[in-house]
S.K.: 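This is the structure, below, for whatever I ask next.
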Amino acid sequence: MVQIFRSTAQKSAKSHSLNKIIELDINDLDHQGRGVGRYNGKVCFVQGALPSEKVQAIITEDKKQLLTAKLHKILQVSDERIEPNCPWFSECGGCQLQHLSYAAQTQQKQTRVDQLLAKQGIKRLPWQPILNSQPFQYRNRTRLSAWYEGKQNKLHLGFRQFNSKKLIEVDQCLVIAPKFSTLLPELVQILNKLKCKKHVSHVELNSAGQRYCIILRVLNKPAEQDYIKLTEFALAHNLDIYFHQNDDEYLKVQSDSDKLYYSIDSLQLQFGLSDFTQVNSQANKDMIQQAQNWLELNEDDVVLDLFCGLGNFSLPVAQKVLKVVGIEGSRSMVEKAKRNASDNQLTNTEFYKQDLSSIDGLDKIDWGAFNKIILDPSRQGAMQICQQSEQWTAKQVLYIACDPNSLARDSQYLLASGYKMIKIGLIDMFPQTSHIETMALFSR
Ligand SMILES: C[S@@+](CC[C@H](N)C(=O)[O-])C[C@H]1O[C@@H](n2cnc3c(N)ncnc32)[C@H](O)[C@@H]1O
């Protein structure tokens, strides 16, 4: 008979290993920023440990091929270890790398991309200089969890703990816009004065555009008094505050209705609070500039911008080329991209709504019409698209990846179609975190 239950002996060996203190060498960082070593033939992930360190760690999880452990003591300290600036760093799940020097963070990210592409047989990458960001105060969007504690009749704001549902209350955050960080204690105070405080599920902070916006996600319709209190707070701090109750409905507590827009050089791009916008405004501008430089745009180019969003790449590119066609899955973003083009007097753009993960959608694209292609997919990547790359006439393809795993997978299809990777560079869009953004240029 096939044994499907673990024997009692196996079970008890596992339970004995829990809480055991082990000693190991750390030689890598994983995609969540955890130190990686080996113990008794198993891979062991130790949160808080760094490559080149020797540590003692307490086993918290014992699976067939891997262990998870908590850092207990550092026996040999990495030269790159620094004191984290944030008092909540060891608990809060928002940042994973504040204990690593900024230069080493980007170097580690580059190493990780090297490793992932090497696994697919893509080696000796043509690395370009890293596009660094300011290490703190760079985030223009963040979401705080809110939770109501019945016994004390108190609302708390914070972030989730690493790999857990537990919430860590914070009254400042070093990676978000400084105005928001300074305002957090007063924001919690005012929220605690609201009738609807029990029904606030989370709070979003958005300074992607010209205004500082606070969005309160509420489960029930707020009372009139709440509008009055929040309007006073908004006026006192020069903020816009919105209630977000249903999917696309954002109700501004003040009555004026300013449009939101962000700038790229002389262009102004309108966006909505539910739209995708890049989280790091300066890194976004640098990324767009690098994209234009790498593509060596000229006035004869006809460019296809896939996953174009609101026109973040399409519009600056349109200023330099004959024509840009942008394709995007969200109808409302396509409408905004069109309006953004006309508001900026750009007459050489077209935008279409299309699901770029469906073969039917891809069949409608006239691939032969473009000599340059920009791909900026979400984390899932652009596999279905890159699988069709054989039929492309484009000489150059620029791939911007927010997940290096997708880049590694999709690069294989491009290389198989005769493209060569001629440039690759890290864009440090998310300092202090383990997120990796990469730009790669392919040519044939
Ligand atoms: C990483 S964002 C990039 C947006 C834009 N290029 C920018 O820089 O702001 C990815 C975009 O892909 C869109 N998207 C996601 N899945 C899609 C799909 N299956 N088909 C078409 N667009 C999709 C999202 O709506 C989002 O606007």
Side-chain angles (χ1 to χ4, degrees), residues 131 133 139-141 206 208-209 247-248 260-265 267-292 294-295 303-319 324-341 344 346 349-365 370 372-388 397-407 409-410 427-430 435-441:
L131 274 189
S133 157
R139 264 199 96 98
N140 62 35
R141 271 194 292 129
N206 188 321
D247 270 357
D248 266 335
L260 291 168
Y261 60 84
Y262 66 92
S263 309
I264 303 167
D265 298 328
L267 297 167
Q268 292 202 333
L269 278 79
Q270 220 186 94
F271 67 97
L273 289 167
S274 62
D275 292 332
F276 174 88
T277 48
Q278 303 282 353
V279 130
N280 182 330
S281 305
Q282 186 55 50
N284 183 40
K285 287 178 188 160
D286 295 344
M287 172 173 79
I288 293 167
Q289 188 57 56
Q290 178 168 286
Q292 299 185 61
W294 285 16
L295 282 169
V303 180
L304 177 62
D305 180 13
L306 298 177
F307 306 95
C308 68
L310 303 153
N312 188 48
F313 285 96
S314 324
L315 269 54
V317 166
Q319 291 179 308
V324 177
V325 175
I327 303 186
E328 159 63 43
S330 151
R331 186 172 299 284
S332 77
M333 289 180 85
V334 170
E335 291 313 315
K336 287 195 193 90
K338 286 181 185 168
R339 203 169 42 211
N340 283 333
N344 287 286
L346 289 165
T349 60
E350 288 173 19
F351 293 97
Y352 299 98
K353 183 207 170 296
Q354 200 65 257
D355 178 2
L356 291 167
S357 61
S358 101
I359 299 297
D360 283 354
L362 297 179
D363 282 349
K364 296 192 180 104
I365 299 174
F370 306 96
K372 293 180 182 171
I373 297 178
I374 299 172
L375 286 165
D376 181 20
S378 39
R379 297 185 69 79
Q380 296 91 318
M383 186 172 79
Q384 291 86 348
I385 296 171
C386 294
Q387 280 172 335
Q388 303 206 349
V397 178
L398 189 77
Y399 192 128
I400 299 109
C402 52
D403 183 344
N405 289 290
S406 302
L407 175 67
R409 181 199 61 207
D410 297 346
I427 301 153
D428 201 23
M429 191 68 88
F430 312 93
H435 291 293
I436 302 178
E437 184 98 1
T438 323
M439 182 184 286
L441 180 68

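Whatever order the structure lists ligands and atoms in, that order sets their numbers, starting from 1. Hydrogens, waters and symmetry mates are skipped; everything else that's a heavy atom, side chains included, is used.
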S.K.: Using the salt bridge (charged side-chain N to carboxylate O under 4.0 Å, His left out) criterion, which residues pair with D403? Sequence neighbours excluded.
M.R.: R379

S.K.: Side-chain donor-acceptor contacts of residues 304-318 below 3.5 Å, not counting sequence neighbours, with atom names and distances?
M.R.:
| unit_1 | atom_1 | unit_2 | atom_2 | d |
| --- | --- | --- | --- | --- |
| D305 | OD2 | S314 | N | 3.2 |
| D305 | OD2 | S314 | OG | 2.5 |
| N312 | OD1 | Y262 | OH | 2.9 |
| N312 | OD1 | N284 | ND2 | 3.0 |
| N312 | ND2 | N284 | OD1 | 2.9 |

S.K.: Evaluate whether atom CG of D265 has more than 12 neighbouring non-hydrogen atoms of other residues, nucleotides or ligands under 6.0 angstrom away.
M.R.: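 Result for CG/D265: open.
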
S.K.: Does any part of the side chain of L260, heavy atoms only, come nearer than 4.5 Å to the side chain of N206, both counted from C-beta?
M.R.: no

S.K.: Could you tell me, for ligand 1, which of its N or O atoms are under 3.5 Å from any protein N or O, listing the pairs and their distances rounded to 0.1 Å?
M.R.:
| unit_1 | atom_1 | unit_2 | atom_2 | d |
| --- | --- | --- | --- | --- |
| ligand 1 | 6 (N) | F307 | O | 2.9 |
| ligand 1 | 6 (N) | D376 | OD2 | 2.8 |
| ligand 1 | 8 (O) | Q278 | NE2 | 2.9 |
| ligand 1 | 8 (O) | N312 | ND2 | 2.9 |
| ligand 1 | 8 (O) | D376 | OD2 | 3.1 |
| ligand 1 | 19 (N) | D355 | OD1 | 2.9 |
| ligand 1 | 20 (N) | L356 | N | 2.8 |
| ligand 1 | 22 (N) | G329 | N | 2.9 |
| ligand 1 | 25 (O) | E328 | OE2 | 2.6 |
| ligand 1 | 27 (O) | E328 | OE1 | 2.8 |
| ligand 1 | 27 (O) | E328 | OE2 | 3.4 |

S.K.: I'd like to check the salt bridge (charged side-chain N to carboxylate O under 4.0 Å, His left out) partners of D275; sequence neighbours left out, ordered by chain and number.
M.R.: K336

S.K.: How about I365 and L356: do any of their side-chain heavy atoms sit closer than 4.5 Å?
M.R.: yes

